[in-house]
Amino acid sequence: MEVISSVETFNGSKVASPVETVLSVRQVKVVFSGFQALKGVDLDVGDREIVTIIGPNGAGKSTLLDAIVGKSPVASGHVYYHGKEITNKSPYEIARMGIGRKFQNPNVYNDLTVFENLLLALKGSHGIMSSIRAKLTQAKKEKIKDVLDRVGLVDKAFTKVSSLSHGQKQWVEIGMVLAQDPTVVLLDEPTAGMTPDETHMTGEIIKSISKTHSVVVIEHDMEFVKQIAQRIVVLHQGAKLTEGTVSEVQSNPEVIEVYLGRERIDAAA
Ligand code: ADP
Ligand code: MG
């Protein structure tokens, strides 16, 4: 087992960290056919912290999550989970270790109920039929009840996913990630396509998840970022531009130039 001496060492200096660092990304590069999608990115995620990643399209946000979960090969640099190197381990192994990832598009079983979807996602489930036929233990029932509660779908437990709204399907998927009992939850644009009410509800769900889990959220909607954000990391062209609180990031001239400025231009177009 490879253990790094101090995950708080950054560019040779100690960074004050009030909480235990759970996930640590160091100088990670990802290259696609000669194109550097990530050019040496650092990211720290503390215990029960929410880190929000923003940045223009193509900045490398999804690629950063892919690199963490072993989906995109890391060309150089390191990913540590609880101080243990997990760089380029298989997605399956990384998920099993405790890093759960929700992708941009819902990936749920429409013909099954919310309850059945969560049952399938539980740690240790093997296949649809065997999971559904297997004896439903009290522990599994309680776990599913807890997850339903967290994602606000208790009254939809026995509804088929196909008849849920787009937002509710996204919550089922967040629930499926939680059912795997992760320590870190990675969410890629969880509010995409949601109504303003659903977006707000998602923010409350994420804040509640962060009471027990570390959460990394990729997000575009600045109102939503303000609702949930503790620490914001800004990515631009495969590199970290800056990080800080909402007001620090919003008043950073470079951020205004490359990100917020662009958004205003987009809005005016
Ligand atoms: P973001 O999520 O910030 O919008 P991505 O991480 O999806 O950006 O993409 C970053 C850059 O890497 C983009 O230029 C994108 O086209 C490129 N890219 C992402 N995934 C691949 C891939 N599998 N193969 C080739 N290029 C990719
Ligand atoms: Mg993306």
Does the side chain of H78 come within less than 4.5 Å of S24's, by heavy atoms? no
Please step through side-chain contact (heavy atoms from CB on, under 4.5 Å) for the pair L136 and F115, ending with a clear verdict. CA-CA 12 Å; L136 194 57; F115 188 93; 3.7 Å; yes
Give every donor-acceptor pair under 3.5 Å between a side-chain atom in residues 210-217 and any protein atom, sequence neighbours left out.
unit_1 : atom_1 : unit_2 : atom_2 : d
S210   : OG     : K207   : O      : 2.7
T212   : OG1    : R150   : NH1    : 3.2
T212   : OG1    : R150   : NH2    : 2.7
T212   : OG1    : I209   : O      : 3.2
H213   : ND1    : I209   : O      : 3.4
H213   : NE2    : P182   : O      : 3.3
S214   : OG     : G46    : O      : 2.8
S214   : OG     : R48    : N      : 3.2

Side-chain touch W171/T202, heavy atoms, less than 4.5 angstrom: yes
How many angstroms lie between atom CG of L153 and atom OG1 of T159, to the nearest 0.5 angstrom? 9.0 Å
Measuring only between side-chain heavy atoms, which start at C-beta, is V151 closer than 4.5 Å to L178? yes
Within a strict 4.5 Å, meaning less than it, do heavy atoms of the K226 and Q250 side chains meet? yes
Might you point out which heavy atoms bring K29 and K39 nearest each other, and give the distance in Å? CG-C, 3.7 Å
From T63 OG1 over to K71 NZ, what is the distance, rounded to the nearest 0.5 angstrom? 8.5 Å
Looking only at heavy atoms, the pair that brings A67 and V28 closest together is CB-CG1, 4.1 Å
Would you check, one step at a time, whether the test side-chain contact (heavy atoms from CB on, under 4.5 Å) holds for K156 with L164? CA-CA 8 Å; K156 300 285 182 199; L164 298 181; 3.9 Å; yes
Solution key, residues 227-234 side-chain donor-acceptor pairs under 3.5 Å, sequence neighbours excluded:
unit_1 : atom_1 : unit_2 : atom_2 : d
Q227   : NE2    : H200   : O      : 2.8
Q227   : NE2    : H200   : ND1    : 3.4
Q227   : NE2    : E204   : OE2    : 2.8
Q230   : OE1    : I50    : N      : 2.9
R231   : NE     : E49    : OE2    : 2.9
R231   : NH1    : E243   : OE2    : 2.5
R231   : NH2    : D44    : O      : 2.5
R231   : NH2    : E49    : OE1    : 3.1
R231   : NH2    : E49    : OE2    : 3.3

Using the rule given for side-chain contact (heavy atoms from CB on, under 4.5 Å), can you reason through D149 versus K145, listing the C-alpha separation, both sets of side-chain angles and the distance that settles it, and then say yes or no? CA-CA 6 Å; D149 214 21; K145 167 76 174 59; 4.3 Å; yes
Under the 3.5 angstrom rule, does the side chain of K61 hit a backbone N or O of P56 as a donor-acceptor pair? yes
Between M176 and K102, is there a side-chain heavy-atom distance shorter than 4.5 Å? no
How many angstroms lie between atom CG of L235 and atom NZ of K240, to the nearest 0.5 angstrom? 8.5 Å
Would you list the pairs meeting side-chain hydrogen bond (donor to acceptor under 3.5 Å, both in side chains) in which at least one residue belongs to residues 87-100, sequence neighbours left out? E85-T87
After noting the C-alpha distance and the side-chain angles of E198 and S165, does the key distance pass the side chain to side chain donor-acceptor pair (under 3.5 Å) rule? CA-CA 10 Å; E198 286 172 339; S165 73; 2.9 Å; yes
Compare every heavy atom of S251 with every heavy atom of S247, then report the nearest pair and how far apart it is. O-OG, 2.8 Å
CG of L187 to CG of L65: how many Å apart, nearest 0.5 Å? 8.5 Å
Whether E248 side chain and T245 backbone form a donor-acceptor pair below 3.5 Å: yes
Could you tell me which non-hydrogen atom of S72 sits nearest to which non-hydrogen atom of F32, and how far apart they are? OG-CZ, 3.8 Å
Worked verdict on H82 versus T183 for side-chain contact (heavy atoms from CB on, under 4.5 Å): CA-CA 10 Å; H82 287 298; T183 304; 4.0 Å; yes
What's the shortest heavy-atom distance between E219 and T52, and which atoms? CB-CG2, 4.3 Å
Please walk me through it: do R101 and D188 pass salt bridge (charged side-chain N to carboxylate O under 4.0 Å, His left out)? CA-CA 8 Å; R101 158 85 183 271; D188 197 344; 3.7 Å; yes
So how far is it from L43 CG to I68 CD1, rounded to the nearest 0.5 Å? 5.5 Å
Can you check whether V41 reaches L64 side chain to side chain, under 4.5 Å on heavy atoms? yes
Measure from the side-chain N and O atoms of T113 to the backbone N and O of E116, and report whether any donor-acceptor pair falls under 3.5 Å. yes
About how many Å separate CG of L118 and CD1 of I144, when rounded to the nearest 0.5 Å? 6.0 Å
Close side-chain approach of I86 and Y80, heavy atoms under 4.5 Å: no
Check whether any side-chain heavy atom of L38 sits under 4.5 Å from a side-chain heavy atom of V31, and report yes or no. no
Shortest non-hydrogen separation from L148 to A157 and the atoms involved: CD1-CB, 3.7 Å
